[in-house]
Amino acid sequence: MHTLNNVKERKAFAVLEDTILARSARVGVIGLGYVGLPLAAAVARAGFLTVGFDIDHAKVELINAGKSYIDAVASSDLAELKKTMRFSASANFAELSLSDVIIICVPTPLTRHREPDLSYVAATAGTISRYLRQGQIVVLESTSFPGTTIEIVKPILEQDGLKSGEDFFLGFSPEREDPGNIHYETTTIPKIVSGDGPEAKSLIESFYKAVVRTVVTVSSPSVAEAAKITENIFRAVNVALVNELKIIYEAMGIDVWEVIDAAATKPFGFMPFYPGPGLGGHCIPIDPFYLTWKAREFGVFTRFIELAGEINVSMPHYVIGKLEVALDHRFKRSIGSARILVLGIAYKKNVADIRESPSLRIIEILEKRGAKVDFHDPHIPMIPRTREHVELSGRSSVALNNRSIGSYDALIVSTDHDAIDYALVTKHARLLVDTRNVFARHGLNGSNIVKA
Ligand SMILES: NC(=O)c1ccc[n+]([C@@H]2O[C@H](COP(=O)([O-])OP(=O)(O)OC[C@H]3O[C@@H](n4cnc5c(N)ncnc54)[C@H](O)[C@@H]3O)[C@@H](O)[C@H]2O)c1
């Protein structure tokens, strides 16, 4: 049921549909980060001639040299793709005019005042608009509040006279990448798709069906945007809930992890979430506040989201409170005179991503109080530059051995990477503050372990 008016438009639609079905469509993926690189590789593997675009020339050069910088894509995968001649990277955005399908995977962070920063999305839409031609599909994948595709991206793309739904086809399809997940990858995670109008929806659906196993089509880009943000809010709120329960049960002398494992034996109506030192990563601590900001426009309050944020942000202080009491009780030592080793600084286990990691916040608070702090992380030999913790950049992971472990007053397990030797740590540490229940999970116990 197509609504295209004239022959030229119908032809553009039919040609695009044919090239997608024949896998002869050319695809451009903009933003080659944690989301864009695995996606571009999957698109190329599905048979499309794919070019990844990034403003970061170093990334472009690495990819063209067959070297990956993202765990989810092995360098050997890039080398394989290179042989097929179907995948390359470019910083020359004029080549976008050759792409039939353009996918936007650029960052959507918060500003310093914790408001949505859509500058990357707007800049990218501006770049695309310069090369936009009839018969192209543009899909936004970056997470944002409902309305972004239609209210922000569409007007920029239309600024030179081309019309969405007639000249080009616009849609939103949220990325659901889960770094470190060994059960799901780009092509096996069901993909929500949407379009601005029935033709866009149909074309975008056809395209993603050619790349991923399951496509879920929804009625509008706003629904797709809202679905993504709902998934992340669901997680943020539930993590906050178990973090609060941790504090309540701790006061009652009850182990929250044992409680959650017991509750999780219920075969329906319960889903386990686990407490920790706070929320990290590029999505969960950030995306909910995109909705909070947008809701204000409608005079609606987002109390659940704000409360969850408040609880999750307070967790590093809770962990440090537990450390403080333990140091005092056991060694009559203050935080300001202590040497602390933080174990794991990635935002979650078995990945090398430190964005928004609560470990960095813990280090920062401890150092402000005068503690001498080091870190060990098997995945992060050196702390890269981050916007919020510039002072920590360049610091190196210390080796983990009998002597180093024993030289600290306390170790805080902030991220429970599998590659850490927890038996060794238990044996030699004077005090262990465990935010992940990792020692119990490894069957290790000792009077030096304090759960936090
Ligand atoms: N990382 C995840 O696990 C994850 C999961 C789901 C959704 N998302 C969402 O996906 C989007 C991208 O996140 P990411 O983690 O891949 O970010 P990232 O920082 O890893 O990668 C973004 C890339 O975009 C490039 N870039 C920035 N501005 C650009 C521009 N104007 N033109 C071209 N390239 C540009 C950067 O150089 C970088 O390589 C965000 O909206 C994020 O919320 C991320």
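When a ligand or atom number is given, it counts from 1 through the structure's own listing order. What you are looking at is a predicted structure, and each value in this text was computed from that prediction instead of being measured.
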Any luck finding a side-chain donor-acceptor pair between [X] and [Y] under 3.5 Å?
X    : Y    : answer
E177 : T186 : yes
T149 : K154 : no
H389 : E364 : yes
N92  : S90  : no
D377 : H417 : yes
T187 : E185 : yes

**OP:** Could you give me the CA-CA distance, side-chain angles and deciding distance for D255 and V259, then say whether side-chain contact (heavy atoms from CB on, under 4.5 Å) is met?
**Re:** CA-CA 6 Å; D255 184 317; V259 172; 6.0 Å; no
**OP:** State if K228 counts as touching ligand 1 under the rule of any non-hydrogen atom under 4.0 Å.
**Re:** yes
What residue and atom, counting heavy atoms only, is the protein's closest point to [atom], and at what distance?
atom                    : value
atom 29 (C) of ligand 1 : I55 CD1, 3.5 Å
atom 9 (C) of ligand 1  : T143 OG1, 3.5 Å
atom 3 (O) of ligand 1  : P179 CD, 3.3 Å
atom 36 (C) of ligand 1 : D54 OD1, 3.5 Å
atom 41 (O) of ligand 1 : T108 OG1, 2.5 Å
atom 30 (C) of ligand 1 : T124 OG1, 3.6 Å
atom 10 (O) of ligand 1 : V35 CG2, 3.4 Å
atom 21 (O) of ligand 1 : G33 CA, 3.1 Å

Can an N or O of [X] be found at a distance shorter than 3.5 Å from an N or O of ligand 1?
X    : answer
Y34  : yes
F93  : no
D287 : no

**OP:** Test F87 against F48 for ring-ring contact (aromatic ring centres under 6.0 Å, His included), laying out the working first.
**Re:** CA-CA 9 Å; F87 183 47; F48 294 97; over 10 Å; no
What atoms of ligand 1 come closer than 4.0 angstrom to any heavy atom of [X]?
X    : answer
K59  : 38 (C), 39 (O)
E175 : 6 (C), 7 (C)
I30  : 32 (N), 33 (C)
L32  : 23 (C), 39 (O)
Y120 : 27 (C), 28 (N)
C283 : 4 (C), 5 (C), 6 (C), 7 (C), 8 (N), 44 (C)

Original post:
Between F145 and Y290, what is the ring plane arrangement, given parallel below 30°, perpendicular above 60°, and tilted in between?
Top reply: tilted
**OP:** For F93 and Y131, run ring-ring contact (aromatic ring centres under 6.0 Å, His included): C-alpha distance rounded to whole Å, both residues' side-chain angles, the deciding distance at 0.1 Å, then the answer.
**Re:** CA-CA 8 Å; F93 289 81; Y131 305 106; 7.9 Å; no
Original post:
Under 4.0 Å from ligand 1, counting heavy atoms only, is it the side chain of S144, its backbone, both or neither?
Top reply: neither
Original post:
Would F273 and F234 count as a close aromatic pair, with their ring centres under 6.0 Å?
Top reply: yes
Original post:
Just going by heavy-atom distances, which of E231, R355, E177, H282 is nearest to atom 19 (O) of ligand 1?
Top reply: R355
**OP:** Just go through G31, C105, P107 and tell me whose heavy atom is the nearest to atom 27 (C) of ligand 1.
**Re:** P107
Original post:
For K368 and E391, what are the C-alpha separation, side-chain angles and deciding distance, and is it a salt bridge (charged side-chain N to carboxylate O under 4.0 Å, His left out)?
Top reply: CA-CA 12 Å; K368 265 199 188 133; E391 72 288 354; over 6 Å; no
Subject >> Exceeds 12 heavy-atom contacts within 6.0 angstrom, atom CZ of R235 >> reply: no
